[in-house]
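Heads up, the thing below is written out as structure tokens.
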Number of protein chains: 2
Amino acid sequence: MDMKFQPIGREAITELLRVHGITPTSQRVKIAGILFAERAHFCAEQVYARVNEDDAEVSKATVYNTLGLFVAKGLVRQVFVEPGKVFYDSNAHPHHHFYDTGSGELTDIDALGVALHELPPLPADTELDSVDVIVRIRQRQPKIRPA
Amino acid sequence: MDMKFQPIGREAITELLRVHGITPTSQRVKIAGILFAERAHFCAEQVYARVNEDDAEVSKATVYNTLGLFVAKGLVRQVFVEPGKVFYDSNAHPHHHFYDTGSGELTDIDALGVALHELPPLPADTELDSVDVIVRIRQRQPKIRPA
DNA sequence: GTTAGACTTAGAACAATTCTAAGTCTATAA
DNA sequence: TTATAGACTTAGAATTGTTCTAAGTCTAAC
């Protein structure tokens, strides 16, 4: 088990939202609770499914609005690995990703384990937003002699 | 001007398709011609627009089919930077990308200029597919003192 | 010339996301 | 306590990018 990961309580989530300038409505707290409950990457559909596991309480529009707000406020980060699917990543530590092209699973790579040097100078009048490294992997095929 | 870039002629494109095991139909040659005519990154819509600049000769379905085929055959590479938009990249040299989050412009970074070391070991029974590095940049804001 | 298979097509279907317009909540002021 | 304004949420429609489907066209081999 990864000792660095700590799920956080409800009050802590409320505080986290406030700190990021987000009014903690019940829907937002619930969604944040899901995102921070475990080290995982969810897409909007999955968040929507989880948030409504019992009875439908949060609309799809709110899920999208809220995730968008969290991104804008820097609470979570989007990861693009496939067309037409965005993952939301609540891991605040600098890190990158393995993406299993077969299963669609996304897992973290600690940025400390990746040395990225010598980026060329940025184009004029631009500033760095983020550096995304996605290592695409696939299940190894049992070796079959090509025909 | 970048001396390494050479647009290629029609015969060379036909040959390129053949070498990749792609039957060179007129539509495919036309689409490949667009992709390789200049160092640029196109999304499917842009390819569709260009291929039909004069009169509509290639259907949208064929554009998508063809781009998908080119990807499957390793002729071009997909780049994901935004939800709901795939770029197709005909640059065969190892390289990464700057992505201007404001303008949506994608530009190449020669991989030789980026040292990526010490990737952690891949998960069991997986093999490397590719490593995508996307450096997100934005236009620098003129400095305004925060209120 | 036939024919089989590959290719292309228009348009329908689809999935993820965003928009819209109306309704609800909540914090503050009276 | 009630009124009110603005923020928030909602269902469902609309939009966007992409894939599917079924029919038609082309081409290469016989």
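Residue numbering restarts at 1 for every chain, and letters A, B, ... go by the order of the sequence lines.
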Handout entry: NZ/NE/NH1/NH2 to OD/OE distance under 4.0 Å, A:E38 and A:R50
Key = yes
Mind listing the N/O atom pairs, protein and nucleotides 18-22 of chain D, below 3.5 Å?
| residue | atom | partner | partner atom | Å |
| --- | --- | --- | --- | --- |
| D:dT18 | OP1 | B:V86 | N | 3.4 |
| D:dT18 | OP2 | B:Y64 | OH | 2.7 |

Exercise for the section: Salt-bridge test for B:K85 and B:E45: reply yes if a basic N is under 4.0 Å from a carboxylate O, no otherwise. Expected result: no
Exercise for the section: State whether the side chain of B:R136 and the backbone N or O of B:V81 hold a donor-acceptor pair below 3.5 Å, judged by distance alone. Expected result: yes
Completion exercise
From the list B:V47, B:I34, B:N52, side chain to side chain contact (heavy atoms under 4.5 Å, CB included) partner of B:V63 resolves to B:V47
Handout entry: Set of residues satisfying side-chain contact (heavy atoms from CB on, under 4.5 Å) with respect to A:L16, sequence neighbours excluded
Key = A:I8, A:H20, A:F36, A:L75
Practice task
For B:N52 and C:dT8, give me the distance from atom CG to atom P, rounded to whole Å.
Solution key: 13 Å
Handout entry: Euclidean distance, atom OH of residue A:Y48 to atom C1' of D:dT9 [Å, nearest integer]
Key = 13 Å
Fill in the blank from the handout: CD1 (A:I134) and CG (B:D132) are apart, to the nearest 0.5 Å, by 6.5 Å
Practice task
Hey, can you tell me if B:F87 and B:H41 have their rings parallel, tilted or perpendicular (30° and 60° cut-offs)?
Solution key: perpendicular
Exercise for the section: In whole angstrom, give the distance that lies between atom CD1 of A:I31 and atom C1' of D:dT9. Expected result: 11 Å
Practice task
Taking the side chain as every heavy atom from C-beta outward, state whether B:T107 and B:Y99 have any pair of such atoms under 4.5 Å apart.
Solution key: no
Exercise for the section: Output yes when at least one side-chain N/O atom of A:S59 is less than 4.0 Å from OP1 or OP2 of D:dT10, else no. Expected result: yes
Exercise for the section: For A:E57, report the nucleic acid contact type (base, sugar-phosphate, nothing); a contact means any heavy atom under 4.0 Å. Expected result: sugar-phosphate
Write out a two-atom table: protein N or O, nucleotide N or O from nucleotides 3-8 of chain D, distance below 3.5 Å.
| residue | atom | partner | partner atom | Å |
| --- | --- | --- | --- | --- |
| D:dC8 | OP1 | A:T23 | OG1 | 3.3 |
| D:dC8 | OP1 | A:R28 | NH1 | 3.1 |
| D:dC8 | O5' | A:R28 | NH2 | 3.4 |

